[in-house]
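Presented below is the structure to which this report refers.
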Amino acid sequence: MSGSLGGGLRSVEEQLADVLAAVRPLPARTVDLADADGMTLRDPALARGGIPAFDNSAMDGFAVRFDDVSGASDAHPVELTVVADLPAGGSDDPPLRAGQAARIMTGAPVPTDADAIVPFEDTAGGLEDSLRVVRVLRAPARPSAFVRRAHDDLRPGDRVLEPGALLGALQLAAAAAADVPRLTVSERPRVAIVSTGSELVEPGAPRTHGQIPESNGLLLAALVRAAGGTVVARERVDDDGPGLRHVLERTAAGDDRADVLITSGGVSAGAYEVVKTELGDALRFSRVAMQPGKPQAFGVLPSGTMVFGLPGNPVSAAVSFEVFVRPALLALQGRSDLQRPALRLPAGTAWRTPPGRRQYLPAAIDRSDPARWTVGPATAGGSGSHLAGGLSRAEAYAIVPAEVLEVSPGDLVDVLLLEG
């Protein structure tokens, strides 16, 4: 679905397209492998060495000539003379003549004259009696048994990682194994977060009737960091006064310079909308056909800072970040995949949906039946934008198309997994 909808609503796709069209990828830099965790790869990582780097043993045992032991069995053991002891990390390449073997540990280079490994378990004495002679009780299944051949996994020059990859534990381990010491990565997006509202106070602080704890700042900061960004400022400003203007001035340059500014609150149709007051000429204020999260604002300041004006209710802010801000932060880093993994799961219960708007329901997955997972609302209140407590139980968003008026048990639902 694309284009404007009835009643002046924009589609989610149209709003997101405007956001992504404004993205200008951030600069890249080269860092040591140990400093690349959580960053996004910008240039391909090419193997400097092969994996494995050399023929090596997959087992603790004996390096042998296959022809010497191909007929070994319990009834007809084969006795070999042990002429060398090869630990992992050693560089010896002892010659093996007919009837000879070398004791070898896992990972040690296989002698040039050997073409199979006999594990300790397939010998009479095992490790306990292994430095003079060995009696082989079971023949290797084939030549090259338990030999890891050089470059079976990667050859020098092969691509270990593709641009756009998120660098986590497994990716960094692969690069290290291929002897890659440094990677070219994207700079992290620098993000300023502003929660607007004279009613907001810090959690635990004394408050008067009508005031509420401020939670969006913490919510958005954690979401920014999970998306690879760096939070350079987190502020709360009143609905009137110069607070937002001061934040804009401070984050335009210097140590607090921001690539992205996220505000929450102040974008609706009320009388005290500070984002509209201060940024009305720079942003496009839209009504998007989604629930929660209908009021949205977006634009780019003359400084190049991308600005997202999100609704103030916590669930609306969380959903809006997921749908619009997170893809932009990933695109700024050059990430190859901008969307989370998705499943289609049957609904475990019934719930109603808003007419004419796509629903993003904070959802929980019932895994009690391993053969049939189901999905349902994380809270009895459904997708109400004020139900911040239910967010603690949400592990996914169930996405229901605008034309669906009600979800019934068993209906298949698209589910975005919130796994980081």
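Computed from a prediction, not measured in an experiment: that's the story for all the values here.
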Next item on the list: Verify side chain to side chain contact (heavy atoms under 4.5 Å, CB included) between V400 and L361, making sure each step is shown before the conclusion.
Entry: CA-CA 8 Å; V400 184; L361 176 80; 5.7 Å; no
Notebook entry, point to check: Step by step, would you call L33 with L183 a side chain to side chain contact (heavy atoms under 4.5 Å, CB included)?
Noted result: CA-CA 6 Å; L33 204 59; L183 297 170; 3.4 Å; yes
Beyond-backbone contact of [X] with [Y], side-chain heavy atoms, under 4.5 angstrom:
| X | Y | value |
| --- | --- | --- |
| D411 | V404 | no |
| V415 | W373 | no |
| L86 | D92 | yes |
| I365 | E395 | yes |
| L301 | L279 | yes |
| R103 | L127 | yes |
| P327 | V19 | no |
| V224 | I262 | yes |

Checklist line | V12/V288 under side chain to side chain contact (heavy atoms under 4.5 Å, CB included): CA gap, chis, key distance, verdict | finding: CA-CA 6 Å; V12 170; V288 180; 4.0 Å; yes
Got a donor-acceptor contact below 3.5 angstrom from the [X] side chain to the [Y] backbone?
| X | Y | answer |
| --- | --- | --- |
| Q296 | S320 | no |
| R42 | T184 | no |
| D366 | S368 | yes |
| T40 | S186 | no |
| R340 | L416 | no |
| N313 | V315 | no |
| R190 | R257 | yes |
| D259 | P189 | no |
| Q171 | G168 | yes |
| R357 | A289 | no |

Where [X] and [Y] come nearest, the two heavy atoms and their spacing:
| X | Y | value |
| --- | --- | --- |
| F66 | R142 | CE1-C, 3.5 Å |
| M59 | P119 | CE-CB, 3.8 Å |
| P140 | A145 | CB-CB, 3.8 Å |
| L166 | G38 | CD1-O, 3.7 Å |
| A101 | L80 | CB-CD1, 3.9 Å |
| S264 | L220 | CB-CD1, 4.2 Å |

How long is the gap from [atom1] on [X] to [atom2] on [Y], to the nearest 0.5 Å?
| X | Y | atom1 | atom2 | value |
| --- | --- | --- | --- | --- |
| D239 | L244 | CG | CG | 11.0 Å |
| D18 | R10 | CG | CZ | 4.5 Å |
| Q15 | F324 | CD | CZ | 5.0 Å |
| F146 | D122 | CZ | CG | 7.0 Å |
| R182 | D43 | CZ | CG | 12.5 Å |
| D158 | I51 | CG | CD1 | 9.5 Å |

Which donor-acceptor pairs under 3.5 Å do side chains of residues 245-253 form with protein atoms, sequence neighbours excluded?
from : atom 1 : to   : atom 2 : distance (Å)
R245 : NE     : E278 : OE1    : 3.1
R245 : NH2    : E278 : OE1    : 3.4
R245 : NH2    : E278 : OE2    : 2.8
R250 : NE     : D256 : OD2    : 3.2
R250 : NH2    : E235 : OE2    : 2.6
T251 : OG1    : V247 : O      : 2.9

Checklist line | side chain to side chain contact (heavy atoms under 4.5 Å, CB included) assessment of V83 paired with L96 | finding: CA-CA 8 Å; V83 298; L96 297 183; 3.6 Å; yes
Check [Y] with [X], please: is the shortest side-chain N to carboxylate O separation under 4.0 Å?
| X | Y | value |
| --- | --- | --- |
| D369 | R367 | no |
| R236 | D238 | yes |
| E13 | R358 | yes |
| R149 | D152 | no |

Checklist line | Crowding at CG, D32 (>12 non-hydrogen neighbours, <6.0 Å) | finding: yes
Checklist line | Aromatic plane relationship, F120 with F62 - under 30° parallel, 30 to 60° tilted, over 60° perpendicular | finding: perpendicular
Item checked: Check: E214/S195 side-chain N/O donor and acceptor closer than 3.5 Å ->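 Note: E214 and S195 side chains meet the donor-acceptor criterion.
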Margin query: Less than 3.5 Å apart, any donor N or O on the side chain of T112 or D93 sitting next to an acceptor on the other?
Written below: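 The criterion, which ignores hydrogens and geometry beyond distance, is satisfied for D93 and T112.
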